[in-house]
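Comments concern the structure below.
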Amino acid sequence: MKKIGIFLFSLVFCANAFAQKTKQGHTNQNKFKQLKDVLATPNEQRTASGAPGKHYTQQKVDYVMDIILDDKKTKITGAETITYHNNSADELAYLWVQLDQNVRASDSKSPDISSGKVEESLSKKAFDKSYPETPFDGGFKITSVTNTNGSNLSYTINQTMMRINLTTPLASGETFKFNITWWYNINNHRTIGGRSGYEHFSENGNNNYVIAQFYPRMCVYDNVEGWQNDQFWGRSEFALEFGDFTVNITVPEDHMLGATGVLQNEKEVLSKIERKRLAKARKTYDNPVIIRTQKEAEKIEKSHKTKTKTWKFFAENVRDYAFATSRKFIWDAMAVDINGKNVMAYSLYSKEANPLYGEHSTRAVAQTLKTYSRYTFDYPYHKAISVDGQMGMEYPQICFNPGRPDADGTYSDKVKYRMIKVTIHEVGHNFFPMIVNSDERQWTWMDEGLNSYMEMLAELDYDKNFPITRGYPRNIVKYMAGDQSNIAPIMSKGDHVYEFGNNAYGKPATALWILRETIMGKKLFDHAFKTYSKRWMFKHPSPADFFRTMEDASGVDLDWFWRGWFYTTDVTDIGIKGVKKFYTKTANDSVSFIEDTSKGLDFVDTQSKYHYEITYNKPGGLVMPIIVEFTYKDGTKERKTYPAQIWRHNDKEVSKVFSSSKQIKNIVLDPNFETADVDTSNNSYPKQQVDKFDEFKKRIKG
Ligand SMILES: [Zn+2]
């Protein structure tokens, strides 16, 4: 087994230039070399400390929109006026707009880039999705692009991107206002997928709409990417500017609707009793207050009113906009005290999601806002909504989540914890990337990884026995030790990686967990993480801004850690190669060490002091601290941690002397599985046949 392990590892290292160099050399210049040649050169927009510089700018985009939902034709029609503020120092000859729905246009190239073979058999649902009789056309139909005096603007559509050609370039500091009108067919996300869409219920013929990417949205322009106009292929998400949204949404009058922004016409859209209950909820911090009951919703879902109602919202300083609407929605609400400021936690759900949603959704929203606010900054918006949308997708102040009980209203722990987990995750996205607004199209890990890490803390706050599935070092071992040809570094674009979940969620979350628990300690890590969050709140951070801030605020050099964990696919494997025992003899002025050559750790004679020369080897490519636990013969234990820098002169093996007045019974490396060590068979001395972790590994492999 051991030999095979080493053989596999050498194959891995040959494929990896970084590791190969250091494997052969003795000194370890590469693994501890500062990242200066890898990170962008600091400038007046992004400083060497990782903070925004004094000339940091970002564009601002304001939207005024009128949206009409046609429930019969499952169609959205929209008109928007975009006000684009060019805060950059650059002159812009054209503007880029994102047309995300074109990923579902009949001529979309997205399905063409995924390869496939005929499968032996498929479920009817999967078959219909892969081989539809008539392909669904869900692309944007742009009906006009005009300037403020109504004349047509020239534009070019390239798949999911649209270039607006300006007749005169937009100078630095200037504002350009223009109008777009459009419509599109809404996708049924339950049958053909998507990050928004509708779910159809054959009973009473209703649809739950969870609507997003429903309007042409401005691309980001900055000093990192220029125009971020990489196509939307379906996986790597979005890059968006902050701005103010004035949105009017017209839906059937018997719908209940939730959306980004502050509702401007409560009296017109909510009943008297609903407003009364809402007023009560605004003062209730311990239990959700039901605003629209299940009984009321069940009656309404049979009504099918054809008249419409317009909901009016204003959202300040958000990067995106989404809404959910249905006749079926039950609504509950609870106030959350965030450092003396009232924030509302809301849930909208159909009866099919109850009682699971009624029992956990709003509570999970509230917990997320509390935990995240504690570790980052006070949640700045007035509300956060969780919608029974039967997917996991996030937008400012509103997100769509999965999980429903069985028909008899019972649900397993698995269903319950998954629903809570996803709700915490999606609500957590309000912080990363909705407020700490990283570029999702390019760097999935910057929002998913940071958010998956924070999600763990909120889950443990919600329930100290929460079954965490991702983020603990032991959970990532199987992935990191897997077939290296299918593994990409974390610093990869989401569209391109094989195991998206492990690459962009699990591994970066684990990396942060290890930094906090093992490398930096909670105090230094938490301060640095909060510093990053506050520095880049309502701004656009890049990876370098994160890497630099974590060091800048903690005084811990982490370049070796970013290098190993984020830029390579190396693994942790540290072992004990051998132990020599010594006692001393003092004669005149010199002390000589005499080796006890007997087998095992036992000394032949009793001594006053025992010296152990322990040689640690490192088959793994990652440099990591050596965590050693010594168990003495009297049963007491002592822990010693050598920093990762112990490997700086020799990447293969190092020796250390450990002296004690008590005899050691055994030595174990990384006893609490803190480092994601992929092979624990070399972690103990004398060798233990099977340790707890091997049993655990067998379980997860089986
Ligand atoms: Zn996510």
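First listed ligand is number 1; within each ligand, the first listed atom is number 1. Reckoned from all heavy atoms, side chains included, excluding hydrogens, waters and symmetry mates.
Remark: D388 pairs with S350, Q390, R404 by the side chain to side chain donor-acceptor pair (under 3.5 Å) rule, at least two apart or across chains.
Between Y472 and F673, the ring centre distance reaches or exceeds 6.0 Å.
K328 and E352 are joined by a salt bridge, as a carboxylate oxygen and a charged side-chain nitrogen come within less than 4.0 angstrom of each other. Note on R535 versus D552: salt bridge recorded, some NZ/NE/NH1/NH2 to OD/OE distance being below 4.0 Å. Look at R441 and E225 and you find no salt bridge, because none of the NZ, NE, NH1 or NH2 atoms lies under 4.0 Å from a carboxylate O.
Only protein N, O or S atoms were considered, and those under 2.8 Å from the Zn ion (ligand 1) are H425 NE2, H429 NE2, E448 OE1, E448 OE2.
Between F547 and Y567, the ring planes lie tilted relative to each other; the angle falls in the 30° to 60° range.
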